[in-house]
Amino acid sequence: MDWKTLTATLFGTDDGLTLEGDFLHGTVELDGEPLTVVGTTGHAPIGVRLALAQARVVLDTLTRHPGRPILLLIDTQGQQLRRRDELLGINRAMAHLGMTIDLARRRGHRVLGLVYDQALSGGFITSGLIADACDALPEAEIRVMRIPAMSRVTKLPEEMLTALSETNPVFAPGVDNYVAMGGVRRLWSGDLQAALRQALADAPAEDRRAIDGAERGGRQLAAAVMQRVLDAA
């Protein structure tokens, strides 16, 4: 679903939203209450400029509109793979974006991610996976790494990784697998405006991703290991 159709469905209009290249931002209303929207379109690669632009919107909301909910609309092919961005410190820019989202959460803003098209790699990790909760449309595509690339990095045969992906969602792309692992809280279907209203209303006060993954059978050890570490601290 393209961003214009999505925002028209969610808010009845895209008035108040500005598209600058692949950078989407602005203020809309839901049930008469303002909501900050920030995100990307067109499978945008997240480089230094785009990461800092998104962070600026989050910080401006923190400064000017304390407590206002923030909706992250996610459509990205991952981090920008360019020498220029590497030299400018893309790792620090993307970390800065993630830290602003974390700060907003700690300052009492409900921060919700919605993958409406594509979410890959670091562009997803430093946005939707740091929000209070991240939801997705059923037709969305989510992955960190394709199996051939995973094979090159891990030096494990593609056949082995393909076999593992059939029984373990950690090795498999796809939105359903991210639901199983707890990375995506729920899928939206039917009345999308009602889904958004519900998602904002029950945004968790603490990160439940590992717990959800354990309950859903997609990450069976993460929550238990994390608790053992905390208990030993």
Side-chain angles (χ1 to χ4, degrees), residues 1 3 5-14 16-17 23-41 44 46 51 53-62 64-76 94 97-120 123-142 175 178-179 181-213:
M1 182 181 295
W3 74 269
T5 302
L6 175 65
T7 54
T9 302
L10 292 176
F11 310 111
T13 178
D14 59 18
L17 298 178
F23 175 43
L24 179 66
H25 63 99
T27 302
V28 294
E29 288 191 355
L30 179 67
D31 300 332
E33 296 295 327
L35 179 75
T36 291
V37 172
V38 58
T40 52
T41 67
I46 309 298
Q54 293 184 86
R56 171 50 55 192
V57 173
V58 175
L59 291 175
D60 284 347
T61 301
L62 275 163
R64 302 176 183 178
H65 310 287
R68 174 184 288 182
I70 300 172
L71 175 64
L72 308 172
L73 293 182
I74 302 163
D75 177 19
T76 175
M94 296 183 76
L97 172 59
M99 290 170 67
T100 62
I101 294 171
D102 177 65
L103 178 61
R105 294 175 61 192
R106 288 188 283 114
R107 292 282 181 86
H109 295 257
R110 284 169 294 167
V111 184
L112 177 68
L114 175 63
V115 181
Y116 69 97
D117 197 321
Q118 178 177 274
L120 276 64
F124 180 40
I125 293 170
T126 55
S127 57
L129 289 183
I130 299 181
D132 288 311
C134 187
D135 296 342
L137 300 185
E139 62 269 24
E141 179 184 2
I142 305 177
V175 66
Y178 274 80
V179 171
M181 289 187 291
V184 170
R185 180 177 54 163
R186 64 170 68 106
L187 302 180
W188 294 8
S189 59
D191 188 338
L192 297 187
Q193 189 176 84
L196 172 59
R197 191 177 291 113
Q198 183 63 38
L200 289 169
D202 63 9
E206 58 184 25
D207 196 327
R208 284 190 48 87
R209 289 175 175 86
I211 297 172
D212 287 343

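Basis for what follows: all heavy atoms, side chains included, without hydrogens, waters or symmetry-related copies.
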pair R209-C134: side-chain heavy atoms closer than 4.5 Å: yes

Could you go through the side chain to side chain contact (heavy atoms under 4.5 Å, CB included) check for L97 and T100 one step at a time? CA-CA 5 Å; L97 172 59; T100 62; 4.1 Å; yes

Kindly determine whether D132 and R110 satisfy salt bridge (charged side-chain N to carboxylate O under 4.0 Å, His left out), including the steps that lead there. CA-CA 7 Å; D132 288 311; R110 284 169 294 167; over 6 Å; no

Give me the atom names and distance for the closest heavy-atom approach of P138 to S189. CG-CB, 4.4 Å

Side-chain heavy atoms of L72 within contact of I101, under 4.5 Å: yes

Qualifying residue, where the test is side-chain contact (heavy atoms from CB on, under 4.5 Å) with W3 and the options are T41, D117, V37: T41

Test L103 against R106 for side chain to side chain contact (heavy atoms under 4.5 Å, CB included), laying out the working first. CA-CA 5 Å; L103 178 61; R106 288 188 283 114; 4.1 Å; yes

For residues D102 and V111, determine if any side-chain heavy atom of one lies less than 4.5 Å from a side-chain heavy atom of the other. no

Does the side chain of D135 come within less than 4.5 Å of V115's, by heavy atoms? no

Atom of G183, atom of L129 and distance for their closest heavy-atom approach: O-CD2, 3.7 Å

How about V38 and L24: do any of their side-chain heavy atoms sit closer than 4.5 Å? no

Rounded to the nearest 0.5 Å, what separation is found between the CG atom of D31 and the CD atom of E29? 10.0 Å

Where the side chain of H109 meets the backbone of G67, is there a donor-acceptor pair that is under 3.5 Å apart? yes

Other residues, nucleotides, ligands: >12 heavy atoms within 6.0 Å of M1 CE: yes

Output the distance between atom CG (L10) and atom CZ (R197), rounded to the nearest 0.5 Å. 10.0 Å

I'd like to know if the side chain of R105 and the backbone of E206 have a donor-acceptor N/O pair within less than 3.5 Å. no

Sub-4.5 Å side-chain heavy-atom contact between V28 and L17: yes

Step by step, would you call I70 with L112 a side chain to side chain contact (heavy atoms under 4.5 Å, CB included)? CA-CA 6 Å; I70 300 172; L112 177 68; over 6 Å; no

Could you tell me which residues satisfy salt bridge (Lys or Arg N to Asp or Glu O under 4.0 Å) with R64, sequence neighbours excluded, listed by chain and number? none

Are the side chain of D191 and the backbone of A194 linked by a donor-acceptor contact shorter than 3.5 Å? yes

Separation between CD1 of I46 and CZ of F23, rounded to the nearest 0.5 Å: 10.0 Å

Looking at every heavy atom in both A119 and I74, which two are closest together, and how far apart are they? CB-CG2, 3.9 Å

Side chain to side chain contact (heavy atoms under 4.5 Å, CB included) between R185 and D202: does it pass, once the steps are laid out? CA-CA 11 Å; R185 180 177 54 163; D202 63 9; 2.9 Å; yes

Say you draw a straight line from CZ of F124 to CD1 of I142; how long is it, rounded to the nearest 0.5 Å? 4.5 Å

Student check: side-chain heavy atoms of R68 and T27 closer than 4.5 Å: yes

Among side-chain atoms of T76 and T40, is any donor-acceptor pair under 3.5 angstrom? no

For the student: nearest non-hydrogen atoms of V175 and A136, plus distance: CG2-CB, 3.8 Å

Spacing of CG belonging to L62 relative to CZ belonging to R107, to within rounding of 0.5 Å: 6.5 Å

Point-to-point distance, once rounded to the nearest 0.5 Å, from CG of L196 to CG of L71: 6.0 Å

